[in-house]
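Take a look at the structure below.
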Number of protein chains: 2
Amino acid sequence: MATDHRPTLAAVARAAGVSLKTASRVMNDEPHVAPRTRDRVRSVARDLGFRRNAAAADLARGGSAPLVGFVTADIANHFYASIADGMERALRGSGHQLITASSDEDPARERRLTEALLERRVAALVVAPTGDDHRYLAHEVRHGPPLVLVDRPAAGIDADTVVIDNDGGVRQAVDHLVAHGHRQIGLVTDHGHLWTARERRLAFVRAMAEHDLLVPDRWIRDGAHDAAAAQRLVTELLEAPAPPTALLTSNNRITAGALRALHARRAAGGDVPALVGFDDLELADLLGVTVVAYDMAEIGRQAASLALERAADPTLPPRLRTVATRLVARGSGEHRSRA
Amino acid sequence: MATDHRPTLAAVARAAGVSLKTASRVMNDEPHVAPRTRDRVRSVARDLGFRRNAAAADLARGGSAPLVGFVTADIANHFYASIADGMERALRGSGHQLITASSDEDPARERRLTEALLERRVAALVVAPTGDDHRYLAHEVRHGPPLVLVDRPAAGIDADTVVIDNDGGVRQAVDHLVAHGHRQIGLVTDHGHLWTARERRLAFVRAMAEHDLLVPDRWIRDGAHDAAAAQRLVTELLEAPAPPTALLTSNNRITAGALRALHARRAAGGDVPALVGFDDLELADLLGVTVVAYDMAEIGRQAASLALERAADPTLPPRLRTVATRLVARGSGEHRSRA
DNA sequence: CTGTTAGCGCTTTCAT
DNA sequence: ATGAAAGCGCTAACAG
């Protein structure tokens, strides 16, 4: 709000002694204006502190705003921040600006924010879904701006989606550990109601089965929603009888917690299992943590390209893009089994 | 764009057999509408997939959009992401949504983005300045929406600002190292044309002087703009004759590079100086890195409160808010001097 | 080269 | 309880 006395284009036109349209031409660098007129209008605009109203311009033009909305679960998480970064850069060429909102993993908030962005008439919408029911977007998928889901698909609608190759990544981790002699591998993962956690868990069991390994339930711990919980669960798991010789942690927060648990254990003279984490971590090279890594920014770039392509051709069928993972061996995953 | 056939309020009104104004009343939950009329309009709106056009509504209302713009240097950097996070949360209560754009440390881009946000009629604007001349905002400071600068002040204008207590933080680091017996302390910092780097460098020399310590130029290395450069500079510094016994690294990227350099040196059997880093790092606890920490999100919260306060009272004089630092000892800064 | 006349989609008065 | 008319700030057709 402030001292809201912004001059309008009409005021500029009046002060410059030209018509509204002429002033409009000048401000939009359109042709057919005499250089002298142009200069006069420009200088008047500057003196008055004129700034065009982009919203009004978009309205008159009848189109959407050159904005792409991004509803994330948590912008402070490196994962989402990198996606935003990749998306932002990919969007620059098309003149779109990114507008980010954080759902805080609250489905109700996610819906509110998504709808607010839609009402803002964004040119495209990217959502990292938290909720479990996105049917309220069904209409938009058919008649709205391009909608792209990242990190996991949305339930109840069939839209463009970008996911990580969870299955492949987990298999790389398991294969790696097995190749280093491990047959007793545990998994620490997030709540089972989260799609990604569920996917990785299923992939884990599947990958183990391919090696003819059966995983007892007590080696699979879920509910590790933050680093502290993960630390606790890992500690418990390792102190229980017959612990696994290796661990797979299913995301960056969990890996961080697990590292703290192992650190404490090592300091106490206990022995420590091999560890592979899903998601790369900052400074993981110094910590010697073996991880399943992938290009986070690539998720954002893919989302941007899906959105731009659909903007150009709304009739495209829904597409699924998968971002590849790769195993980065740094030490923690290469301990041989004690067995 | 897409299949852009969004129904308007007028279409809803027509379909429901009411006037535009009545439909408007319903969509805005205004009183004086018969329950049955209300239900009918609502159901028609739903069937048609109606979404109000927020931009048009703001226009008609004559106010600004409930958006707060944030121009950051790099959203993928944990520092800025945390600021954005703190700001977003602080803004929730007031119904504002954050809209972020990344300048990529390019002053021209920063200016373009800032102006685009202004044209979008944001309710407030927060900028992490990169450029060296912000006089183009002079008019806005007087007549525009609240403008807040974070991380460093802007040159040429006098506006609300949030900074870290650089001087205090550097002094804490120096005092800490001196208390642990160090008298030969080096500084690795970013380019001198960056305000923050300059501030911390000056603070460093000042703090050392207070201990009657003079720092030879060769112990102050600047130009460490990324982790790789920092690693190189630290390696050089330590390999040169008569290296310092302790190091202060002036931001998180530099600390990361320095840690890699020390890691390599230790692996090669060399001895390693004490280290204190400015800015906290993720997993720094596991790496045993002593740092000067502060609440990054607090910068965002302060920025939000400055903006909100000024929105309420534009006549406020420009204010400067300083975020406190604290030293977190974790090992790397507590090596005794070899001397 | 310049201006006039309509709107964009919505919210206001102010009537009824 | 409901509606008609005017207008937010701008652009798009058309004239001249």
Side-chain angles (χ1 to χ4, degrees), chain A residues 1 4-42 44-45 48-66 116 118-123 144-145, chain B residues 1 4-42 44-45 48-66 116 118-123 144-145:
Chain A
M1 304 287 161
D4 226 350
H5 280 320
R6 289 217 152 278
T8 66
L9 227 209
V12 172
R14 211 176 310 120
V18 298
S19 78
L20 182 58
K21 180 60 202 175
T22 297
S24 168
R25 284 199 182 92
V26 174
M27 299 320 292
N28 291 309
D29 287 317
E30 281 170 29
H32 308 307
V33 180
R36 299 192 41 182
T37 313
R38 183 167 298 252
D39 292 346
R40 185 153 36 91
V41 172
R42 284 227 176 96
V44 168
L48 262 42
F50 170 76
R51 297 242 186 246
R52 84 210 285 230
N53 184 326
D58 291 340
L59 217 210
R61 217 176 269 118
S64 57
L118 251 11
E119 295 186 355
R120 193 60 51 200
R121 291 294 185 273
V122 291
Chain B
M1 307 287 161
D4 224 351
H5 280 320
R6 290 217 151 279
T8 66
L9 226 208
V12 173
R14 211 176 308 121
V18 297
S19 79
L20 183 59
K21 178 60 204 175
T22 298
S24 168
R25 283 198 182 91
V26 174
M27 300 319 292
N28 291 309
D29 288 316
E30 281 171 30
H32 307 306
V33 180
R36 300 192 41 184
T37 313
R38 181 166 302 248
D39 291 346
R40 185 153 37 89
V41 173
R42 284 227 176 94
V44 169
L48 262 43
F50 170 76
R51 297 242 187 246
R52 82 207 287 233
N53 184 328
D58 291 341
L59 217 211
R61 216 175 271 116
S64 56
L118 252 10
E119 294 185 356
R120 195 58 53 199
R121 290 297 183 273
V122 292

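The shown structure was predicted, so the numbers you read here are calculated from the model rather than taken from an experiment. Throughout, a chain's letter reflects where its sequence line sits, starting with A, and its residues are numbered from 1.
- When all heavy atoms of B:Ala23 and B:Leu9 are compared, the closest pair comes out as CB-CD2, 3.4 Å.
- Nearest-nucleotide positions on DNA chain D for B:Arg121 and B:Val33 put B:Val33 closer to the 5' end.
- When every heavy atom of A:Arg6 is checked against every heavy atom of A:Gly49, the shortest pair comes out as NH1-O, 3.2 Å.
- Between B:Glu119 and A:Arg52 a salt bridge is recorded (basic side-chain N to carboxylate O distance below 4.0 Å).
- Of the inter-residue distances, the one linking A:Asn53 atom CG with A:Leu59 atom CG reads 9.0 Å to the nearest 0.5 angstrom.
- Every residue was checked against the side chain to side chain contact (heavy atoms under 4.5 Å, CB included) condition with B:Ala60, not counting sequence neighbours, and none meets it.
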* To do: Classify every nucleotide of nucleotides 11-16 of chain D by which part a protein heavy atom approaches to under 4.0 Å, writing B for the base, S for the sugar-phosphate alone and - for neither, in 5'-to-3' order.
  => BBB---

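- Shortest non-hydrogen contact noted between B:Pro31 and B:Arg25 is O-CD, 3.7 Å.
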I'd like a table of donor-acceptor pairs (distance under 3.5 Å, sequence neighbours excluded) in which one partner is a side-chain atom from residues 34-41 of chain B, with atom names and distances.
unit_1, atom_1, unit_2, atom_2, d
B:Arg38, NH2, B:Glu30, O, 2.6
B:Arg40, NH1, B:Ala16, O, 2.3

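- Note on the helix from C:dC1-D:dG16 to C:dT16-D:dA1: terminal axis deviation equals 30°, with five pairs used at each end and the result rounded to 10°.
- For B:Leu48, the side chain to side chain contact (heavy atoms under 4.5 Å, CB included) criterion is met by B:Pro7, B:Val12, B:Ala15, B:Val44, not counting sequence neighbours.
- Bounding nucleotides for the chain A contact on DNA chain C, 5' to 3', at a heavy-atom distance below 4.0 Å, are C:dC1 to C:dG9.
- Shown here for A:Pro145 and A:Ala123, the closest heavy-atom pair between the two residues is CB-O, 3.5 Å.
- The side chain of B:Thr22 lies closest to D:dG3 when the candidates are D:dA1, D:dG9, D:dG3.
- Salt-bridge check for A:Asp58 with B:Arg120: passed, with a basic side-chain N closer than 4.0 Å to an acidic carboxylate O.
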